[in-house]
Amino acid sequence: MEKTYNFTRLFMLMVVLLTAANLFLPFNYAKAEEKTYTIATDITFAPFEFQDTNGDFVGIDMDLVKAIAEDQGFKYEMKPLGFNAAVQALESKQVDAVIAGMSITDERKLKFDFSDPYFDSGIIMAVNKNNETVSSYKDLKGKRVAVKTGTEGATFAQSIQDKYGFKIVTFDDSANMYEDVKTGNSVAVFDDYPVLAYGIKQGNGLKIVTNKEAGNSYGFAVSKGENAELLKMFNDGLTNLKASGKYQDIMDKYLETGSEQAKDNGYFGLLKESLPSLLSGLKMTLILTVVSLLIATVVGVIFGLMRIAKNKALRIIAGIYVDIFRGTPLIVQAFFIYFGIPAALDFRISAVAAGLITLSLNAGAYMAEIVRGGIESVDKGQMEAARSLGLPYGKAMSKVVLPQAVQLMIPAFINQFVITLKDTSILSIIGINELTQSGKIIIARNLESFQMWIIVGIMYFIVIMILTKVSNVLERRIKNGKA
Amino acid sequence: MEKLKVTNLKKSYGDLEVLKSIDLQVKEGEVVCLIGPSGSGKSTLLRCLNMLEEVTGGEVIVNNVKLTDKHTDINKVRENIGMVFQHFNLFPNLNILDNITLAPVELKKATKEQAKETALKLLDRVGLKDKAKANPANLSGGQKQRVAIARALAMNPDIMLFDEPTSALDPEMVGEVLAVIKQLAQEGMTMVIVTHEMGFAKEVADRVIFMDNGYIVEQGSPQEVFGNPKNERTKDFLNKVLS
């Protein structure tokens, strides 16, 4: 009888929470008549897409879409997700189209419909500019070669790998790939000509040593059989731009080899230039941490209590939940929640909402264990004494056992707080613009990965130190308040 | 009139039978002391009387309410059965006064003010009025146990269960706790007391029950059980503890 009462209350609480989540998290259910197209793009593919110092996304793809949209009169929202995330978002119909310097391949044609080619690319090999020993494919025997996942350069490297006998190392963005060659981990890199040329212009420390391999063409992609009108507008617009000369203007703007821009690449200059975006990234990191931990605490208390419930079914459900979220990597959970579930059930969810759900459920599983551990380390006699006075289970738990358990849980809770804060960096993978992602975006522009990662690392460190000190003071206060 | 009636009570933990067919009746105002060697089942029997232990078989009836019936609101029944534990089990997160007023206030037996008034009276009765604002951690064992008794009495129970109330105490503190229990006995409280204090049992009990190996082996007035035990095991046990 008492138990039923408790379960009802738990259930009501969950319903309230879910409703609240629905109100506050920006779910976007698919609408047939949407006028604003969502277009996903890469974040680190200069000169096709990258952020300028003002934090605006610029590049060939950006300018092209903008010009075509003006020409054809449609509205769009550009979502910089990263290449892989953008492709997956299109597959799961989270977005209407992708423009990300994406090569038109037969394999991709199975899933996507492509526009007319808007750019003819080619693959080129570059090495460290001080490297005098590697100048052709033959010199690569037994060496490591860096490529970017899913790019044409990667495909080309694979096609000649056996013939020339080198090893392939894959990276998720260009800056890391160049850095790997610069530091000497890899001797060479295969990349799209315009990208490499842009990087060299930015002073990435590499030099081009081969001629351009005739490559694929880049296309604008929509899901197969969908958004045909958008595809037609893109093609018509492209034809118009080519005729008017606007197309060539855009190409010249980014590919014309002019003089290198004067850059202030000292720490102070970098910091000054990148601080606004880093701080807004930090803000997102903190919001994600705090909101997800609040939800995780509620989830943790509910599932922690279920873990120790008399009812076997409740114990099993809570056990499965905890095992799944502790037994799989956060990055897999993020992909599953952002791409997997919406694709399977045909609805849309914003990256931030998906990130919050992922972090909340992940931290919730750990919190459930912290809550269970805290409750179990309270002497059994406490519950018995409270029950013997006639207090129902819920009252005995909330008035007697939980207050004592909370004190035991504080150190573990602080620990989880720090872990969750650091885990937010993993959400950069689904394109959330938190601190790590801000760093990635800035590096995509200035290619100063060593200095930028030091700055980003120091920012995490400072914030975590401050929070740890504050938590310690809080912990001491709570303990002293009791004694 | 019977306050408490136990019929054919059985309790097992897995394969281990701790109680094997216990029959017991306690009349209103009667003081019953349970004695016996460790592991004889006396604490388990006591804990079955307010369902802190789920029983395996048989019946427990308190104030004509069948506790072993699934439809019985056990919380309501427990309000009328006070229990005092060997290790006091005061709530360390609450001060002494709040320990005592928690249940009456939470269960809407009294307003905060009434509960506080009652608590202070009870503390006065157990000689600890000046400790109302103290924390359990700062009390001696004897003081803690007296607070635990006051806490149980705050619900105004008509039966009190004591589970080895002096076993965890330093010897010099046993007296102060027994004095409080004795006073309760004189006031006519129905009580079941598990104890190792034979002198106290002799003095306060109306009836002494000797348990061994999950059975009630022998029972009777203190004079009968202590003065003229009939069963060999009783004699054996008394020889060991009284010598």
Side-chain angles (χ1 to χ4, degrees), chain A residues 1-9 301 304-305 308-312 314-315 371 373-411 413 474-483, chain B residues 43 46-47 49-54 69-95 98-109 134-138 144 147-148 150-157 159-163 168:
Chain A
M1 202 173 324
E2 41 170 324
K3 256 190 279 167
T4 332
Y5 171 64
N6 279 321
F7 297 157
T8 317
R9 284 222 300 198
V301 169
L305 288 172
I308 52 162
K310 270 191 176 174
N311 185 309
K312 201 175 173 187
L314 286 182
R315 284 205 310 271
V371 169
I375 290 172
E376 282 180 346
S377 50
V378 173
D379 178 24
K380 274 208 178 82
Q382 293 292 313
M383 177 57 89
E384 288 185 346
R387 297 304 305 276
S388 76
L389 288 165
L391 290 172
Y393 180 84
K395 277 211 159 92
M397 188 55 89
S398 63
K399 298 285 173 182
V400 174
V401 178
L402 277 181
Q404 297 178 51
V406 164
Q407 293 208 353
L408 300 165
M409 280 155 32
I410 289 173
F413 182 82
L474 212 69
E475 183 183 1
R476 235 174 294 141
R477 282 216 184 141
I478 290 172
K479 285 229 165 106
N480 290 342
K482 169 218 164 191
Chain B
S43 281
L46 192 78
R47 291 160 57 84
L49 300 181
N50 67 350
M51 295 283 123
L52 277 187
E53 299 288 343
E54 273 179 48
D69 187 330
K70 279 211 164 90
H71 301 290
T72 300
D73 182 356
I74 190 66
N75 294 324
K76 268 271 166 286
V77 179
R78 281 178 180 151
E79 289 176 6
N80 293 317
I81 310 175
M83 186 159 194
V84 175
F85 299 85
Q86 180 179 353
H87 294 287
F88 334 123
N89 298 353
L90 295 186
F91 308 136
N93 55 316
L94 302 174
N95 71 19
D98 293 340
N99 259 274
I100 300 173
T101 57
L102 175 71
V105 172
E106 286 296 326
L107 297 169
K108 312 244 166 12
K109 293 284 155 189
N135 277 308
N138 300 331
K144 283 182 191 166
V147 170
R151 180 175 70 180
L153 290 173
M155 287 299 291
N156 201 19
I159 300 175
M160 286 284 284
L161 308 175
F162 291 86
D163 190 359

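Chain naming here is simple, since letters A, B, ... match the order of the sequence lines and numbering starts at 1 in each.
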Mark yes or no for whether A:Gln382, through its side chain, and B:Leu90, through its backbone, hold a donor-acceptor pair below 3.5 Å.
yes
Partner set under side chain to side chain contact (heavy atoms under 4.5 Å, CB included) for A:Phe413, not counting sequence neighbours:
A:Thr297, A:Met367
Quick one: are B:Leu107 and B:Met155 in side-chain contact, heavy atoms under 4.5 Å?
yes
If I measure from the heavy atoms of chain B, does A:Ala396 come under 4.5 Å with its side chain, its backbone, both, or neither?
neither
What pairs with B:Leu94 under side chain to side chain contact (heavy atoms under 4.5 Å, CB included), at least two apart in sequence or on another chain?
B:Phe91, B:Asp98, B:Asn99, B:Leu102
Applying a strict 4.5 Å limit to non-hydrogen atoms, the region of B:Arg151 in contact with chain A is both
Whatever's closer than 4.5 Å to a heavy atom in chain A on B:Ile81 counts as backbone
